[in-house]
Engineer: 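Have a look at this one.
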Amino acid sequence: MEKEEILYMFPASHREFFDKAASEPEKLQEIRLRAEKPVILIKKQQEYFLTKTGQLTREADGAKVMRAKELEQILQHICHYSVYAYTDEIRQGYLTLPGGHRVGVAGQVVLESEKCIRTIKNIRYLNIRIAHEIKGAAKPVISEVYENGRFCNTLILSPPGCGKTTLLRDLVREISNGNKWGKGRFVSVVDERSEIAGSYLGVAQNDLGIRTDVLDGCPKAMGMMLLIRSMAPQVIAVDELGNTEDVEAVEKALRCGCQILATIHAEDMEELRRKIFMKDLLGESAFRRFIVLGRENGKCVVKKIYRCET
């Protein structure tokens, strides 16, 4: 990723201001913009403000305040000066940019019905999340997720911000391409939040391997069933199992002969067992590998790998 890739997210009139912020792009995680509030950067898990000249500072006093008009200009630029054309994306709460970067949006919700959002207007909050594809992230665990040349159903456990999606993405690439532990497999990814593939105009911006198909922006449970019917996957990958419906779809996929690679929010196996909606899958030992992620000395690490032998 180059510095220019980040700067081009902003109108030409704002690029000089964000020039310092875009330096060392590999360390940049988020740029948070709020109308009438200071600009905030997250770099290497640390919070910074920007001065009026675009310099980084740890102090909020004297930091640059993002005016509503400026924020509107940035949003217009991101939407190629046709916000209306991005209504479908906006009502999902985010936009995906070239390179797989995402812009979260918040503002005034317009409801179509009690449970359906028509759109979000008067957008006054933007969270630009910088995509970081880390090839090789799966290296510490890749040998553990195979048994006699066959990929094992694997669940990645992680608290927020510990690299579960990054690991999932690289595992997909390895499984798809094949490696010395197993031959390449047909993988289907249900990318509900466009975080795994980072698709832009339907094309994955991240490398998910040569045998991978992606269903972008589709709910996991619905997407798993659709892909089984349409793409005949050998492995299905999903991020963040979160409810009974997701688990039921995993069970159906397993009965169809697919293998599963998934993630879930959990600190450890004890917390996982407390998640009621996971009871059936755990009771049947559907997953053969459990990879527990965490953070040590400020770094994301693999804390433990549990194996259920066949």
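Counting from 1, the numbers follow the sequence of the chain as shown.
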Engineer: Would you say K275 has more than 12 foreign heavy atoms packed within less than 6.0 Å of its NZ?
Structural biologist: yes
Engineer: Using the ring of Y48 (Phe, Tyr or Trp, six-membered ring only), decide whether R58 places NZ or CZ under 6.0 Å from its centre and within 45 degrees of its axis.
Structural biologist: yes
Engineer: Once you round to the nearest 0.5 Å, how far does NZ of K183 lie from CZ of R150?
Structural biologist: 10.0 Å
Engineer: Linking I/L/V/M/F/W/Y whenever any side-chain heavy atoms sit under 4.5 Å apart, do Y81 and L126 land together?
Structural biologist: no
Engineer: Please tell me if the side chains of I264 and F277 come closer than 4.5 Å, counting only heavy atoms from C-beta onward.
Structural biologist: yes
Engineer: According to the interplanar angle, ranging from 0 to 90°, do the rings of H14 and F18 count as parallel (below 30°), tilted (30 to 60°) or perpendicular (above 60°)?
Structural biologist: parallel
Engineer: Heavy-atom count check: over 12 atoms from other residues, nucleotides or ligands less than 6.0 Å from K64 NZ?
Structural biologist: yes
Engineer: Is there a continuous path of hydrophobic side-chain contacts, each under 4.5 Å between heavy atoms, that joins V83 to V110?
Structural biologist: no
Engineer: Let me check something: do F287 and V141 share a hydrophobic cluster, defined by ILVMFWY side-chain heavy atoms less than 4.5 Å apart, either directly or through other members?
Structural biologist: no
Engineer: So, is the end of the K304 side chain (NZ or CZ) under 6.0 Å from the ring centre of Y306 and within 45° of the ring's axis?
Structural biologist: yes
Engineer: For E4, look at atom CD and say whether over 12 heavy atoms of other residues, nucleotides or ligands are found less than 6.0 Å away.
Structural biologist: yes
Engineer: Taking C-beta and beyond as the side chain, do V302 and V292 meet within less than 4.5 Å on heavy atoms?
Structural biologist: no
Engineer: Under 6.0 Å from the CD atom of E271, do we count more than 12 heavy atoms belonging to anything else shown?
Structural biologist: yes
Engineer: Would you check, one step at a time, whether the test salt bridge (Lys or Arg N to Asp or Glu O under 4.0 Å) holds for D207 with K135?
Structural biologist: CA-CA 9 Å; D207 183 2; K135 291 186 178 181; 2.9 Å; yes
Engineer: Kindly work out whether a path of hydrophobic side-chain contacts (I/L/V/M/F/W/Y, heavy atoms less than 4.5 Å apart) joins V172 to I291.
Structural biologist: yes
Engineer: Are the side chains of E5 and H101 in touch, meaning some heavy atoms are under 4.5 Å apart?
Structural biologist: yes
Engineer: Are Y94 and Y200 co-members of a hydrophobic cluster defined by side-chain heavy atoms under 4.5 Å apart?
Structural biologist: no
Engineer: Does Y8, at its OH atom, have more than 12 non-hydrogen atoms belonging to other residues, nucleotides or ligands within less than 6.0 Å?
Structural biologist: no
Engineer: F151 versus V235: any side-chain heavy-atom pair under 4.5 Å?
Structural biologist: yes
Engineer: Could you tell me if the side chain of L215 sits less than 4.5 Å from the side chain of M231, heavy atoms only?
Structural biologist: no
Engineer: Given side chains that start at C-beta, do those of K220 and E245 come closer than 4.5 Å, heavy atoms only?
Structural biologist: no
Engineer: Decide if atom CE of M222 counts as having more than 12 heavy atoms of other residues, nucleotides or ligands within a radius under 6.0 Å.
Structural biologist: no
Engineer: Which heavy atom of T96 sits nearest a heavy atom of S199, and at what distance?
Structural biologist: CG2-O, 3.1 Å
Engineer: Does F17 CZ have over 12 foreign heavy atoms under 6.0 Å away?
Structural biologist: yes
